Amino acid sequence: MSSHSSALGERHHQPILVCQQVAKVFHANQQSSFTALEEINLEVARGDFVTILGRSGGGKSTLLKLLGGFITPTSGQVLFHGVPLPGITPKIGMVFQENTLYPWLTVEQNIGFGFKVRGKQKCQYALRVQDVMEHVGLAPARHLYPHQLSGGMKQRVSIARSLAIQPDVLLLDEPFSALDIQLRRRLQKFLLNIWQDTEEATMVLVTHDVEEAILLGQKLIVVGGQPGQIIESADISAPVFSDRYDRNFLDLQQHLERVVGEEPDMMENPFSWATVSGPKITSHS
Amino acid sequence: MVKGNSGRLGSISRSLLPLFCGVISCVVFVGVWEVIGANPENPIAQVLPPPSKFLPVLFESDFKIGLGSQSASIYQSVTVTLIRVISGMTVAFVGSIVCGLLISLSKWSELFILPILGLIAPIAPIAWIPLALVVFGVSNLTAVFIVFMGVFFTLTIATVAEIKRIPENLLITAENLGGGNFVRWKFVIIPAVLPGVFTLLRLNFIAAWMAVLAAEMTGLRDGLGTVVMTGRNLFNSNLILLGICIIGITGFAVDRLLMMIQRKFFWWKV
């Protein structure tokens, strides 16, 4: 199953973000500590769309926070463009699961916020904001405030706000998991369109939804175990993995659901019994 | 669009309903008062003359209250009192936000300063009147100081609490978008705490209002409180009631004004 191929499609370029033997230990106090992640080796190249799959509390969000410089590794290092990541940087954008829009700003002001906080004059960024809003279909909502938007619109604005300042990498922490299934599908398509339209866009998305992980990713890793490690990784850049009714897609989905479902907390996926007792899986490689 | 229109009509009738009921209850209240006070032999009428008795005082005296050189027009009394309350509250509002931000800069300043504020906050603003009169004399500064003391400490404590309540991700996002420390204070923390602190300012307005009236009754020589005291000194219950009535109406108007400011400028929830 593990296929560490170097050829990840035509978009593969030099690595932007690299994890080398990264481990993260949280210390509750002097006596007790919790190892969230260990021996993480990961490479995110320019133009990649990496999805990180795992059950809740399995360390996948911790990995994303490490990649974004929000927390520092206990051992090992995270390299950004070849040098150790110093901390939070606008070069690595982050979209959270929950709403982080500023309620006192309109859609337009929220999207322009990244320029405003860096002391740019409005005339310098108004066009860019206008462009982004049109690109993501938010132009009609430009004067609305976050409380006037639906959950899906809010997430669109969050993504647009991060994209507006053109980060090298965009990290997304379960951005759609609070949305209903139809909306989630629409936004998945929306995100994929943005990734495809933008030549050098690099994205890392964390999810516990197997289908989402396959559908969006070009490269997929599964974080699991205790402490969390990368237990599977796969190149899923082939077109068959963007069709949710394709045989290969379904096989991989079943396989991954079993991998994630074998994790201790079975309540996480109430339908895991279906894949466990399902038809024989044809091996995917 | 049809739905939108009916919704708008609905909301107008909904917003008019409280006004309508409020007017009716006021009219009934005054009506009962007038009926009871119609008989001048009635002891209640002597202590609580109805509006038909005390309102004419205004016109007879050409809107002036007081004796000789000390008389001041009613507008002047209202304005003086309002300026005192509003300037005291403004200074307290700005000061408490600045102080709250400074205290929040360090865990230690919080630990050392907050207990002192917590100790001073419950002191009734009226209790500061004698001290203020000694320090500032009979002046506007005394009134402003008393209003300030009545509001500032509570608001500072509230500001610190509001800063703690800001979701961490709002701050992390600002940092992620490239905002430095100062910028995060300016563009995230201050706007995030404004609505909560302003709400508390509005709730504390009553305390400030009472404090300044008490100061005007005890020490200062002008303002609405003085109108009531003049009535007392002249044994003129019409004047007392007139003062009380104006105090009530002005206080109500200011409260509504603050509510409107809140809706217009500090409407968001974090």
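Keep in mind that the numbers below use all heavy atoms, side chains included, and drop hydrogens, waters and symmetry copies. Chain naming here is simple, since letters A, B, ... match the order of the sequence lines and numbering starts at 1 in each. Just so it is clear, the model here is predicted, and its values are computed rather than measured.
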Heavy-atom distance under 4.5 Å between the side chains of A:L79 and A:L17, does that happen here? no
Heavy-atom contact with chain B under 4.5 Å, split by part of A:L105: neither
Parallel, tilted or perpendicular, as decided by the 30° and 60° cut-offs, for the rings of B:F198 and B:F266: tilted
So, the part of B:P167 with a heavy atom under 4.5 Å from chain A: the answer is neither
Would you mind telling me which of B:V183, B:L194, B:L170, B:I172 has the largest number of heavy-atom pairs within less than 4.5 Å of chain A? B:L170
Anything under 3.5 Å between chain B and chain A that's a donor-acceptor pair? List each one with its distance, please.
{"unit_1": "B:N169", "atom_1": "ND2", "unit_2": "A:E98", "atom_2": "OE2", "d": "2.4"}
{"unit_1": "B:L170", "atom_1": "O", "unit_2": "A:Y102", "atom_2": "OH", "d": "2.6"}
{"unit_1": "B:A174", "atom_1": "N", "unit_2": "A:Y102", "atom_2": "OH", "d": "3.1"}
{"unit_1": "B:N176", "atom_1": "OD1", "unit_2": "A:M94", "atom_2": "N", "d": "2.8"}
{"unit_1": "B:N176", "atom_1": "ND2", "unit_2": "A:T89", "atom_2": "O", "d": "3.2"}
{"unit_1": "B:N176", "atom_1": "ND2", "unit_2": "A:I92", "atom_2": "O", "d": "2.7"}
{"unit_1": "B:L177", "atom_1": "O", "unit_2": "A:R118", "atom_2": "NE", "d": "3.4"}

Closest contact, heavy atoms only, B:L155 versus B:S96: CB-OG, 3.3 Å
Indicate the atoms forming the closest heavy-atom contact of B:V151 with B:A208, along with that distance. CG2-CB, 3.9 Å
With heavy-atom distances below 4.5 Å as the criterion, would you say the side chains of A:L144 and A:L149 are in contact? yes
Distance-minimising heavy-atom pair for B:P125 and B:A211: CB-CB, 3.5 Å
At their closest point, which heavy atom of A:P167 faces which heavy atom of A:G93, and how far apart are they? CB-N, 3.6 Å
